[in-house]
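Notes follow once the structure below has been shown.
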Amino acid sequence: MTTVDASPATGAALPFPPGFRWGTATAAYQIEGAAALDGRTPSIWDTFSSTPGKVLGGDTGDTAADHYYRMAEDVGLMKRLGVSDYRFSVAWPRVQPTGRGPALSRGLDFYRRLVDALLEAGIRPVATLYHWDLPQELEDRGGWPRRETAERFAEYAGLVAGALGDRVGSWTTLNEPWCSAFLGYASGVHAPGRTEPEAALRAAHHLNLAHGLGVRALRAALPPSAEVSLTLNLHVVRPLTDSAADADAARRIDAVGNRIFLDPVFRGRLPEDLIRDTAALTDWSFVRDGDLAAACEPIDWLGLNYYAPTVVAAAGSQAPAAEPSPSPWPGAGGLVRFPPPPGPRTAMDWPVDAGGLYELLTRLRDELPGVPLLVTENGAAYEDHPGPGGEVRDPERIAYLREHLAAVHRAIRDGADVRGYFLWSLLDNFEWAYGYSKRFGIVHVDFATQLRTPKDSARWYAEVIARGGLAP
Ligand code: IFM
């Protein structure tokens, strides 16, 4: 068990282990802008966001937080925060505009400059290869439900690693494949906006395959010291009551929300109950011999993105339904309800429940012994407004972060091998279907002027990092 007792050396009441990685996280489409520059072609999110009615307010990522031009300023902000790590994503359509063929040097140049600036600032780059911006051309050929997309991803992974592998030692294949598969192809609230449950299951499988093939391509291109990982948004599923029916609802959501990725990636198999639950939709014959072994390439750590737990009940019970329609849960839609839990909520209407993060980390401690964990995203959106002097007071975010970091600390104390924490997000940004209406940043962005203003939470996080833990 890791010792994380009070530390007189740092003055932290809840000190984190030495070498703990303190970071911030962002994603390309959410901050970069410059959507049509230097050879970048449209991704599925460019197409989706420019389709009327898909994104709140008709917002797009065309300019976003203008990070493509303000990268040096943003690295400077992180240097002042004192972060040890920065998790960013590479835009596939910037590097390989058609999703096939050679890399575009002009596109790679931006990431070369970014990585150089990070290293110069003493910040370790953590590169994610896919954070939802599939080149539109690959979607036009079938997207993630098509096997070829997984093969194309591995080729792209190899190209980026070949270009940046001398400077980037920490790599993640995919961010939150559950969202790519089920929000993109089942509920359709994310790009490409398709509502085809069977295609969503195919997409999930091909994302697992893409991950495994991507790991192989990365290992082939990178020095042995490089770390390769995957980031999942696993669902902390809580049955509403202890009835057998609600327990079965939780099992279904755990299967199609969590084990659909965990089992192939860490055990080389598909959950049997998932196959049963989805039998009316597919016979899974798109899974070819060798696919599950390919998905199960060993990785160096698992990244976890946590925001809130998911409360579920059997559809027959009395709980109020809050399920989006069409359902993002193939095999569970209509059978499971999602009653809103009581208690405080963020601007996303997500419950604030740090206990869920502790549950998640200790579940994985038990289920995946020997696999180091990193919290690759955690944070909250609130209604932030600059005060008269320009200052942005965000006490609710600070409270949220403090509670969640305390939960991470507790999980480490109880034996979870958590190596780092990446706050989502460095900057206010394009929050997908919500456009710019939701602010997750610890740095406020005025999207009219692109002025950056660190919020109180940024100063608070800098103190936590400097202290190596939470204050008394
Ligand atoms: O903004 C997103 C991010 O892109 C992926 N994880 C969840 C965040 C908040 O919704």
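Indexing begins at 1, ligand by ligand and atom by atom, following the structure's order. Atom set for the values below is all heavy atoms of this structure, side chains included, hydrogens, waters and symmetry mates excluded.
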Review point. For ligand 1, which atoms, with element, lie under 4.0 Å from some heavy atom of E176?
Key: 5 (C), 6 (N), 7 (C)
Practice item. List the closest protein heavy-atom neighbour of atom 1 (O) of ligand 1: residue, atom name, distance to the nearest 0.1 Å. Key: E431 OE1, 2.6 Å
Practice item. Answer yes or no: does an N/O atom from W432 fall short of 3.5 Å to an N/O atom of ligand 1? Key: yes
Point to revise | Part of W350 with heavy atoms under 4.0 Å of ligand 1, whether side chain, backbone, both or neither | key: side chain
Point to revise | Ionic contact status for R452 with D66, cut-off 4.0 Å | key: no
Point to revise | Residues D394 and K455 bridged, charged N to O under 4.0 Å | key: no
**Study point:** N/O separation below 3.5 Å, W132 to ligand 1
**Key:** no
Study note, to complete from the structure: In this structure, atom 6 (N) of ligand 1 is nearest to the protein heavy atom E377 OE1, 2.5 Å
Review point. Using the ring of each side chain (for Trp, its six-membered ring), is F16 parallel, tilted or perpendicular to F20, with breaks at 30° and 60°?
Key: tilted
Review point. Evaluating non-hydrogen atoms only, which member of Y434, Y307, F440 is closest to atom 8 (C) of ligand 1?
Key: Y307
Check your understanding: With respect to N305, which candidate in N378, N233, T231, N175 satisfies the side chain to side chain donor-acceptor pair (under 3.5 Å) definition?
Key -> N175
Practice item. Before accepting this row, confirm whether a basic side-chain N of the pair E297/R219 lies closer than 4.0 Å to the acidic partner's carboxylate O. Key: no
Exercise for review: Please verify whether a non-hydrogen atom of H131 lies at under 4.0 Å from ligand 1.
Suggested key: yes
Review point. So, Y307 versus T346: side-chain donor-acceptor pair below 3.5 Å or not?
Key: no
